[in-house]
2 protein chains.
Amino acid sequence: MRFSTRTRYGLRFLVRLAEQPKGVRLQLAQVAREENISPGYLEQIVRALKPLNILCAARGAGGGYTLAKSPEEINLEDIFLHLEGEIAPVSCLEKNKNCLRMGCCTTRTFWQKLDEHMRLFLHNITLQQFIDSEHHF
Amino acid sequence: MRFSTRTRYGLRFLVRLAEQPKGVRLQLAQVAREENISPGYLEQIVRALKPLNILCAARGAGGGYTLAKSPEEINLEDIFLHLEGEIAPVSCLEKNKNCLRMGCCTTRTFWQKLDEHMRLFLHNITLQQFIDSEHHF
DNA sequence: CAAAAACATAGTAAATCACTATGTTTTAGC
DNA sequence: GCTAAAACATAGTGATTTACTATGTTTTTG
């Protein structure tokens, strides 16, 4: 069970944005340099976050990114969902895939519980917790 | 975030053994047939469980496997550890690997918490819960 | 001693991962 | 308006991992 670099890098990018005072833009290339992440790769990752609508992008020279919401309104379940593709721990649980063993599988319910447990954990963590020393882990 | 077929198949094999009355042996090939798993692959998986010492193997004709402990003594954390290799959600947390960003990483503590959370969840689930309708998920 | 089962290692096709390369489009500043 | 800088976008690619298969050896029962 392992999360990809996509999720790790993406999260670090978002934490960087969350650390910024409201309205202050950060450029992707700069974050990539500071975080030691390949700029081209980070661009792909950030693009995957687009449909989530938590990013404000300014194009052109002097552009950059800000968060479209405040950090406490952004939870990790959503972020992980967009970066990992799906969080489901086993392929049997993916939607649009109905497992043949569904009726008889002794382990299916377990995997569902694990999935729920994971989602709940991630749902209750917001970007705010990464920057707030009070709620820091 | 996804668990491999190794873990899924291995778990199903162990649940099969747990379902059996105490002392009743099951043959790997039979389980593989009934669970629709490649026998050769299942052998590899079962071999990975060996160091855990939860299996009793009888070699030779008429041989097979039983559990070496009662199902409520076998928890999923141990099983997953042996089947997945390591449960750590990100490579930075693996032992014998000291991440360069360790001191400055804003997300490391989060990954540690996720790791602990996951382990605790798995630790509190035993094979018994898969066969017991009372404690069934 | 033959068959059946566990034990063991090596190889392999397919998929996934972690990028790189090569652009296009938009905007700020001169 | 032109140029540089930044976001936006797609395709390709080498390395690694996954999910097996193939080919045995060893042990035990009948």
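Lettering of chains follows the sequences in order, A, B, ..., and the numbering in each one begins at 1. For clarity, every value in this text was computed on a predicted model and none was experimentally measured. Values below: all heavy atoms of this structure, side chains included; hydrogens, waters and symmetry mates excluded.
- If you check C/dA18, D/dA19, D/dA9 against the side chain of B/Ser4, the one that comes closest is D/dA19.
- Nucleotide D/dT21 holds its C1' atom 14 Å from the CG atom of B/Leu42, rounded to whole Å.
- Relative to the side chain of A/Glu43, the nucleotides D/dT10, D/dC20, D/dC8 differ in distance, and D/dC8 lies closest.
- Nucleotide D/dT17 holds its C1' atom 16 Å from the CG atom of B/Leu83, rounded to whole Å.
- Comparing B/Leu26 and B/Gln44 along DNA chain C, the residue whose closest nucleotide (by nearest heavy atom) sits nearer the 5' end is B/Leu26.
- Look at A/Ser38 and you won't find any side-chain N or O under 4.0 angstrom from OP1 or OP2 of C/dC19.
- In this structure, A/Ile45 atom CD1 and D/dA9 atom P are separated by 16 Å, rounded to whole Å.
- Distance CD (A/Glu35) to C1' (C/dC19): 18 Å, rounded to an integer number of Å.
- The closest donor-acceptor contact from the side chain of A/Gln27 to the backbone of A/Gly63 lies under 3.5 Å.
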Practice prompt. Evaluate the side-chain contact (heavy atoms from CB on, under 4.5 Å) criterion for residues A/Arg6 and A/Tyr41: first the C-alpha distance (whole Å), next the side-chain angles of each, then the deciding distance (0.1 Å), finally the verdict.
Written response: CA-CA 8 Å; A/Arg6 277 175 70 88; A/Tyr41 191 33; 3.5 Å; yes
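- Of the listed nucleotides (C/dA10, D/dA7, D/dA19), D/dA19 has the atom at the smallest distance from the side chain of B/Tyr41.
- Per the geometry, CG belonging to B/Leu49 stands 14 Å off P belonging to C/dA6, to the nearest Å.
- Here the side chain of A/Tyr65 is nearest to one of C/dA18, C/dC19, D/dA7, namely D/dA7.
- Comparing C/dA3, D/dA9, C/dA6 by their nearest atom to the side chain of B/Ala61 picks out C/dA3.
- Remark: P of D/dA9 and CG of A/Leu28 are 14 Å apart, rounded to the nearest angstrom.
- Taking only distance into account, the side chain of B/Arg59 meets the base of D/dT26 through a donor-acceptor pair shorter than 3.5 Å.
- B/Leu55 places a side-chain heavy atom less than 4.5 Å from the side chain of B/Leu14.
- Ring geometry, B/Phe3 versus A/Trp111: the interplanar angle falls from 30° to 60°, so the pair is classed tilted.
- Between B/Tyr9 and the phosphate of D/dT18, there is no side-chain N or O to OP1/OP2 separation shorter than 4.0 Å.
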Worksheet entry | Full working for side-chain contact (heavy atoms from CB on, under 4.5 Å) between A/Asp115 and A/Arg119 | CA-CA 6 Å; A/Asp115 189 35; A/Arg119 285 176 191 273; 3.3 Å; yes
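- When rounded to the nearest whole Å, the span between CZ of A/Phe13 and C1' of D/dA7 equals 10 Å.
- Between B/Asn36 atom CG and D/dA19 atom C1' there is a gap of 15 Å when expressed in whole angstrom units.
- Take the nearest nucleotide of DNA chain C for A/Arg6 and for B/Gln27: the residue whose nucleotide is more 5' is B/Gln27.
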